[in-house]
Protein chains: 2
Amino acid sequence: MSVNIYDVAKRAGLSVVTVSRVLNNSPKVRDYNRQKVLKAMAELDYKPNAAARNLAKGDTGMIGLVLPAVDDPFISQVLFAVERAVRERGMFLVTAFAASDEELSHANPGRMFLENRVDGILILSPIISEEYILELKKNRFPFVLLDQHHSAVQAPSVTVDNFYGGYQATASLIAGGVKRIAHISGSTIYESSVQRLEGYKQALRDYGLHIDEELIAAGNFSVESGYKAMMGWIELGKIPEAVFAADDNTAFGVMDAASKHKIAIPTELALIGYDDHPFGSMLHPALSTVRQPTAALGKQGVDLLLNVLAGKIKRAVTITLKPEVVLRETTRAINRPSCDPNYSVS
Amino acid sequence: MSVNIYDVAKRAGLSVVTVSRVLNNSPKVRDYNRQKVLKAMAELDYKPNAAARNLAKGDTGMIGLVLPAVDDPFISQVLFAVERAVRERGMFLVTAFAASDEELSHANPGRMFLENRVDGILILSPIISEEYILELKKNRFPFVLLDQHHSAVQAPSVTVDNFYGGYQATASLIAGGVKRIAHISGSTIYESSVQRLEGYKQALRDYGLHIDEELIAAGNFSVESGYKAMMGWIELGKIPEAVFAADDNTAFGVMDAASKHKIAIPTELALIGYDDHPFGSMLHPALSTVRQPTAALGKQGVDLLLNVLAGKIKRAVTITLKPEVVLRETTRAINRPSCDPNYSVS
DNA sequence: TCCGTCAATTAAAGCGTTTTAATTTAAAAG
DNA sequence: CTTTTAAATTAAAACGCTTTAATTGACGGA
């Protein structure tokens, strides 16, 4: 049916091993013969059979990525970075989305390693169950955790320092000369939310500012939660001078509420988000934010997994990356006149 | 090293074929024996080797998806739908993102079929080159086009009726009692943009409205392009009564500009976008839009490809799906008082 | 009791590669 | 010109499963 390595060998007048060597660009093939093989391949339109190669070599050349099925720029960016890194290493990416934790633990990712479909998996889902991770460990299936601290279980992982991000975001607000700084948190089931909140608190403490629990609202990484929190403060007549939102979505909600009540940003209200959502830079005023190293997260995650696969990793190493504050127009920078008309809104 | 089918057979006291039959749940295994096999598998923690199965069966159990690496809800939603459909059919999804057309044509997707990594591929990228498609056809590699009309090349595809969407969006604006309706198009290199524009024009014609070329702005599916277009009309003193934006991003830009100039939506300016971006429903006012059947697109795409793989498809069929107008607060519906204070902005 | 039939099982070949070990060829050294 | 060494090639086994064809076994009818 389809042309195989024997057909190529016959056409080239050489043995299959020579053909195989060319396929795996082994150095021990005379250049003259290599050309003959290449020519035969081209003439026959030969395509190596991946299954056969995998079987013989004992690996799959594929990496699995488990991630939540949510349309979020952070997730997307990491996904792109992982795919690119995997591709650049000559491998392929198999994606397994999980709508729920339940689905995640049992359906696809399970099959992915139960059927030996991939050489190893990366797990981006923040709500992966400990049980699932333990199962992977028990089965000695290679994996790396992305952006999650699983304190209970030792596992190789690449994370982003959310405490640092929260601290820096708050500090950059403080640097604008503002004192009553509110925070709208993300869902507290995520460790990242908790860390950002802690960073916020620590910054306030370090700069001698009061921590007002009434200015800490519980959000859930949604536009709506930001809108509601801000509306709550407005209705209470307790409008903060600045808001550190747990993510940009939340910040967009704050902007929406502020715009509705003619609260000028950043003169009356300074604002900073988190995640560097692409929309942020297009709004007027443009949203200050904390940019996560998504590209590095993806790339280093893949590298770490590859090292695990190569057996180069002894213990459960954790790589921690630092996010970066991006100041745009919703914050008042130190050197920026706070009443510059360019920064007033509508 | 790892436990294989022979180990299971030995443990169960049966032959490998019986074990294989159980694996493929063939009916011709006595239930008593099936239990023995299952028990042995569990005891030995047996995991079938996918490569070996693929080699023996002649397929890979994998579907490839080629798509652009852009963070866009439409893309994400189709991706989720495809992954789910693929998973539900017991297969796996291999994703290949392409940052550019160049990268798309030559790098990953090429390898995907050159190495027989997948049984077939779905192509979501709107800017796939004709050359690439022809190469797939020439190689008789099974594929299905998603959301793209490739008039030049006959190929099985699932598309969404953008003309219809543009027409309905415009018609819904007209139904609100508005006459001077502007349009901000998407990049005209996309057939979808052209179709939406044509639908818009046809609606104007059908309702006896004048087509004013000055009210047709060239956008590119970005917040910025919407902002600029709207600002352009404002500066020209030629503010339309309504805008049909080629996508929600563009509409967000329009809202931003309107808010900056205290133009009330929908009383002074009615607005409708396209794509049903999750943000749209969270804004105040909530954005009216055209929802694309992303779930159906993904699912039917997979089904069509599977039919192609099964050899059930004779000619290059094209399935066309219809989008759906979602009216929220930025449009004035017929039965809705156009001056209701709830709909005025800031 | 024997034979035929059907169902269930087994033996063996094959899927397309890689890889180890053995062999041939070429080149260099004596 | 022979021998030694290295380089390149070849033969054959292995990877783990599926599948075709052959075999065994059980059962009922004559």
Side-chain angles (χ1 to χ4, degrees), chain A residues 1-38 40-41 44-62 90-92 111 113-119, chain B residues 1-38 40-41 44-62 90-92 111 113-119:
Chain A
M1 178 154 171
S2 79
V3 25
N4 65 16
I5 206 174
Y6 286 89
D7 301 322
V8 175
K10 185 180 294 174
R11 174 129 197 162
L14 296 163
S15 79
V16 292
V17 176
T18 308
V19 177
S20 174
R21 289 237 170 82
V22 171
L23 226 43
N24 296 282
N25 39 59
S26 149
K28 37 174 108 176
V29 178
R30 195 180 294 173
D31 196 56
Y32 172 70
N33 286 334
R34 182 184 304 276
Q35 295 310 323
K36 282 210 294 191
V37 170
L38 257 23
M41 282 179 174
L44 294 173
D45 202 19
Y46 167 75
K47 299 184 189 68
N49 179 303
R53 303 188 75 175
N54 297 340
L55 178 57
K57 291 167 83 157
D59 64 20
T60 67
M62 303 220 170
M91 304 179 82
F92 287 93
R111 275 180 51 221
F113 79 89
L114 284 177
E115 297 182 14
N116 281 320
R117 288 296 190 148
V118 294
D119 295 337
Chain B
M1 177 156 172
S2 77
V3 25
N4 65 17
I5 206 174
Y6 286 88
D7 301 322
V8 174
K10 187 180 291 174
R11 174 130 197 160
L14 295 163
S15 79
V16 292
V17 176
T18 308
V19 176
S20 173
R21 290 238 171 82
V22 171
L23 226 44
N24 296 283
N25 41 54
S26 146
K28 36 173 107 174
V29 178
R30 196 179 294 172
D31 196 56
Y32 173 70
N33 286 334
R34 180 184 305 276
Q35 295 310 322
K36 283 210 294 193
V37 170
L38 257 24
M41 283 179 173
L44 295 174
D45 203 19
Y46 167 75
K47 298 185 190 66
N49 179 302
R53 301 188 75 174
N54 296 341
L55 179 56
K57 290 165 82 157
D59 64 20
T60 67
M62 304 219 170
M91 305 179 82
F92 287 94
R111 276 181 50 221
F113 79 87
L114 284 178
E115 298 182 12
N116 280 321
R117 289 296 190 149
V118 295
D119 296 336

Is the phosphate of dA8(D), meaning OP1 or OP2, less than 4.0 Å from a side-chain N or O of Thr18(A)?
no
Take Ala52(B) and Val16(B), find for each the nucleotide of DNA chain C with the closest heavy atom, and name the residue whose nucleotide sits nearer the 5' end.
Val16(B)
Residue Arg21(A), side-chain atoms from C-beta onward, closest of dG16(C), dT10(D), dG16(D)
dT10(D)
Would one find a side-chain N or O of Tyr6(B) under 4.0 angstrom from OP1 or OP2 of dC15(D)?
no
Worked check of side-chain contact (heavy atoms from CB on, under 4.5 Å) between Val37(A) and Val8(A):
CA-CA 7 Å; Val37(A) 170; Val8(A) 175; 4.3 Å; yes
Lys57(A) NZ to dA13(D) P: how many Å, rounded?
23 Å
In whole Å, I'd like the distance from the CZ atom of Arg53(A) to the C1' atom of dC17(D).
20 Å
Quick one: Asn49(B) CG to dG16(C) P, roughly how many Å, whole number?
17 Å
Residue Ser2(A), side-chain atoms from C-beta onward, closest of dT10(D), dG16(C), dT10(C)
dG16(C)
Interatomic distance where CD1 belongs to Ile5(A) and C1' belongs to dC15(C) [whole Å]
13 Å
Taken to the nearest whole Å, CG/Asn54(B) to C1'/dT19(D) is 16 Å
Distance test, side-chain N/O of Ser20(B) to OP1/OP2 of dT19(D), below 4.0 Å
no
Name the closest nucleotide to the Leu55(B) side chain, picking from dT10(C), dT10(D), dG16(D).
dG16(D)
When rounded to whole Å, the CG to P distance for the pair Asp59(A) and dT19(C) reads 9 Å
Check the pair Val19(A) / Met41(A) against side-chain contact (heavy atoms from CB on, under 4.5 Å), numbers first and verdict last.
CA-CA 9 Å; Val19(A) 177; Met41(A) 282 179 174; 3.8 Å; yes
Taken to the nearest whole Å, CZ/Arg30(B) to C1'/dC27(D) is 12 Å
Mark yes or no for whether Asn24(B), through its side chain, and Ser26(B), through its backbone, hold a donor-acceptor pair below 3.5 Å.
no
Test side-chain contact (heavy atoms from CB on, under 4.5 Å) on Asn25(A) and Arg34(A) and set out the steps.
CA-CA 9 Å; Asn25(A) 39 59; Arg34(A) 182 184 304 276; 4.2 Å; yes
Protein-nucleotide distance (Asn4(B), atom CG; dG16(D), atom P), rounded to Å:
6 Å
Proximal nucleotide (of dT10(C), dG16(C), dT18(C)) relative to the Val17(B) side chain
dT10(C)
Looking at Lys10(A), is its backbone amide N or carbonyl O close enough to the side chain of Asp7(A) to form a donor-acceptor pair, meaning the two atoms are under 3.5 Å apart?
no
What nucleic acid atoms does Val29(B) come within less than 4.0 Å of, heavy atoms only: base, sugar-phosphate, or nothing?
sugar-phosphate
